[in-house]
Amino acid sequence: MTKQKKLMIALQPIHTDHALYLFVEKLLQSAFPKDERRDDAQQRAYTDRNPKFHCLLIRDFDQPVGLLTYWDFADFVYIEHFAIHENLRNGGLGQQAMRMFLQQTELPVVLEVEMPHTKRDMTRRRIAFYRRQGFSLRRMTYRQPPYREGDRWLPMKIMSTGSAKKWLPMTETVRDTIYREVYGV
């Protein structure tokens, strides 16, 4: 019988003056391509000055292991980025962190996922992970606006918690809010 390591996950709100903010910034850079994240200066400004934007450091005991950034809107929460450090993935940290985060809100939670391209695509694994956490793929046309002028719009899928019955009336509001507040379009 193998002994499984006990996890002690904590979600810690941080700002750029926190000693571990650099860990978050470097993980954001390594986990997301440039066209799926904003420039560091704008990310820092949002982290410190945008009251709707929140940056969480994910810790296992005292060790930094991941990040979660999200937007708190009136009718829903939008997860912009979620990542566990590549050396620590597939050990249950992401699952525990996401479940903890979802328990902290009664609002529907929304996120974007890349379109799967092949049967063995990592995107399919990511979608399956979110499904296990209670998210559902939503049937709507969605493209992620560019973070930078001159970049292209990216085809994405939306996933959210909550029932389809509650989701349908929110579809346009969610998309329009994300476009306006997150991407400035």
Side-chain angles (χ1 to χ4, degrees), residues 5-114 126 129-130 133 135 144-151 154 156 158-161 174 176-185:
K5 180 186 176 224
K6 182 175 169 73
L7 304 174
M8 185 62 174
I9 297 297
L11 304 176
Q12 178 180 357
I14 65 169
H15 292 279
T16 60
D17 61 353
H18 191 281
L20 291 172
Y21 183 78
L22 190 57
F23 168 85
V24 169
E25 192 169 89
K26 287 184 181 217
L27 179 55
L28 195 59
Q29 293 166 357
S30 67
F32 296 92
K34 191 174 182 177
D35 60 352
E36 292 182 22
R37 60 181 165 82
R38 63 184 47 83
D39 290 330
D40 295 341
Q42 188 180 35
Q43 185 76 20
R44 290 181 203 124
Y46 280 17
T47 298
D48 287 341
R49 295 189 288 280
N50 190 318
K52 294 178 185 174
F53 182 81
H54 307 276
C55 181
L56 301 177
L57 172 69
I58 302 170
R59 292 188 345 251
D60 180 19
F61 291 96
D62 289 332
Q63 178 185 3
V65 298
L67 69 89
L68 191 150
T69 63
Y70 71 98
W71 294 78
D72 199 357
F73 298 120
D75 298 325
F76 68 98
V77 172
Y78 167 67
I79 295 176
E80 186 171 13
H81 294 104
F82 174 61
I84 299 298
H85 190 280
E86 65 183 314
N87 296 337
L88 303 170
R89 291 179 188 151
N90 300 316
L93 294 167
Q95 179 179 331
Q96 277 200 359
M98 184 57 69
R99 286 189 179 162
M100 183 178 287
F101 179 77
L102 294 173
Q103 289 172 356
Q104 295 177 4
T105 184
E106 294 180 16
L107 294 173
V109 178
V110 176
L111 52 82
E112 301 164 337
V113 291
E114 295 171 87
R126 196 171 295 119
F129 168 81
Y130 287 123
Q133 310 316 310
F135 287 83
Q144 177 194 11
Y147 279 103
R148 288 162 205 82
E149 191 173 320
D151 283 358
L154 301 173
M156 295 279 202
I158 289 287
M159 296 188 81
S160 74
T161 60
V174 166
D176 294 348
T177 301
I178 292 170
Y179 280 12
R180 183 182 61 254
E181 299 286 338
V182 177
Y183 298 102
V185 295

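For the numbers below, each heavy atom of this structure counts, side chains included, while hydrogens, waters and symmetry mates do not.
Atom CD1 of residue Ile79 and atom OH of residue Tyr70 lie 10.0 Å apart, to the nearest 0.5 angstrom. Rounding to the nearest 0.5 angstrom, the gap separating the CG atom in Asp151 from the CD atom in Gln144 is 9.5 Å. Taken from OH in Tyr147 to CZ in Phe32, the straight-line distance is 8.5 Å, to the nearest 0.5 Å. Atom-to-atom distance recorded for Ile178:CD1 and Tyr183:OH is 7.5 Å, nearest 0.5 angstrom. Remark: Arg126 CZ to Glu114 CD distance equals 5.5 Å, nearest 0.5 Å. Thr16 contributes atom OG1, which lies 3.0 Å from atom CG of Asp48 (distance to the nearest 0.5 angstrom).
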* Between Leu107 and Asp72, does a side chain to side chain contact (heavy atoms under 4.5 Å, CB included) hold up when you go through it step by step? -> CA-CA 9 Å; Leu107 294 173; Asp72 199 357; 4.3 Å; yes
* Go through the steps to decide whether Lys34 and Arg148 satisfy the test side chain to side chain contact (heavy atoms under 4.5 Å, CB included), and finish with yes or no. => CA-CA 9 Å; Lys34 191 174 182 177; Arg148 288 162 205 82; 3.6 Å; yes
* Yes or no on side chain to side chain contact (heavy atoms under 4.5 Å, CB included) for Cys55 and Leu67, after CA distance, side-chain angles and deciding distance? -> CA-CA 7 Å; Cys55 181; Leu67 69 89; 5.8 Å; no
* To do: Evaluate the side chain to side chain contact (heavy atoms under 4.5 Å, CB included) criterion for residues Phe76 and Thr177: first the C-alpha distance (whole Å), next the side-chain angles of each, then the deciding distance (0.1 Å), finally the verdict.
  => CA-CA 10 Å; Phe76 68 98; Thr177 301; 3.9 Å; yes
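Of all the heavy atoms in Ile58 and Phe82, the pair that sits closest is CD1-CE1, 3.7 Å. The minimum heavy-atom distance linking Ala31 with Arg89 is given by the pair CB-NH2, 3.9 Å. Scanning all heavy atoms of the two residues, the minimum distance from Leu57 to Pro64 falls at CD1-CB, 3.8 Å. Between Phe135 and Val109, the shortest heavy-atom contact is CE2-O, 3.5 Å.
Glu80 and Arg38 are joined by a salt bridge, as a carboxylate oxygen and a charged side-chain nitrogen come within less than 4.0 angstrom of each other.
In this structure the side chain of Gln104 reaches within 4.5 angstrom of the side chain of Met100, judged on heavy atoms. In this structure, Val182 and Tyr78 have side chains that are in contact, with non-hydrogen atoms separated by less than 4.5 Å. In this structure, the side chains of Ile14 and Leu56 stay at 4.5 Å or more apart for every pair of heavy atoms. With a 4.5 Å cut-off on side-chain heavy atoms, Tyr21 and Thr47 count as touching. Residues Val65 and Arg59 form no side-chain contact, since every pair of their non-hydrogen atoms from C-beta on lies 4.5 Å or further apart. Side-chain contact between Leu93 and Asp60 is present, with heavy atoms from C-beta onward closer than 4.5 Å. Between Tyr46 and Lys52, every side-chain heavy-atom pair lies at or beyond the 4.5 Å cut-off. Using a 4.5 Å heavy-atom cutoff, the side chains of Val77 and Val110 are not in contact.
Of the possible donor and acceptor atoms, one in the side chain of His18 sits under 3.5 Å from a partner among the backbone N and O of Leu20. In this structure, Arg44 contributes its side chain and Glu25 its backbone to no donor-acceptor pair below 3.5 Å. The closest donor-acceptor contact from the side chain of Ser30 to the backbone of Leu27 lies under 3.5 Å. Listed for the Asp39 side chain is no donor-acceptor partner under 3.5 Å among the backbone atoms of Ala41.
Open room surrounds CG on Asp62; 12 or fewer heavy atoms of other groups in view lie less than 6.0 Å from it.
Checked by atom type, the side-chain pair His81/Glu36 shows no donor-acceptor distance below 3.5 Å. For Gln43 and Arg37, the side-chain atoms include no donor-acceptor pair closer than 3.5 Å.
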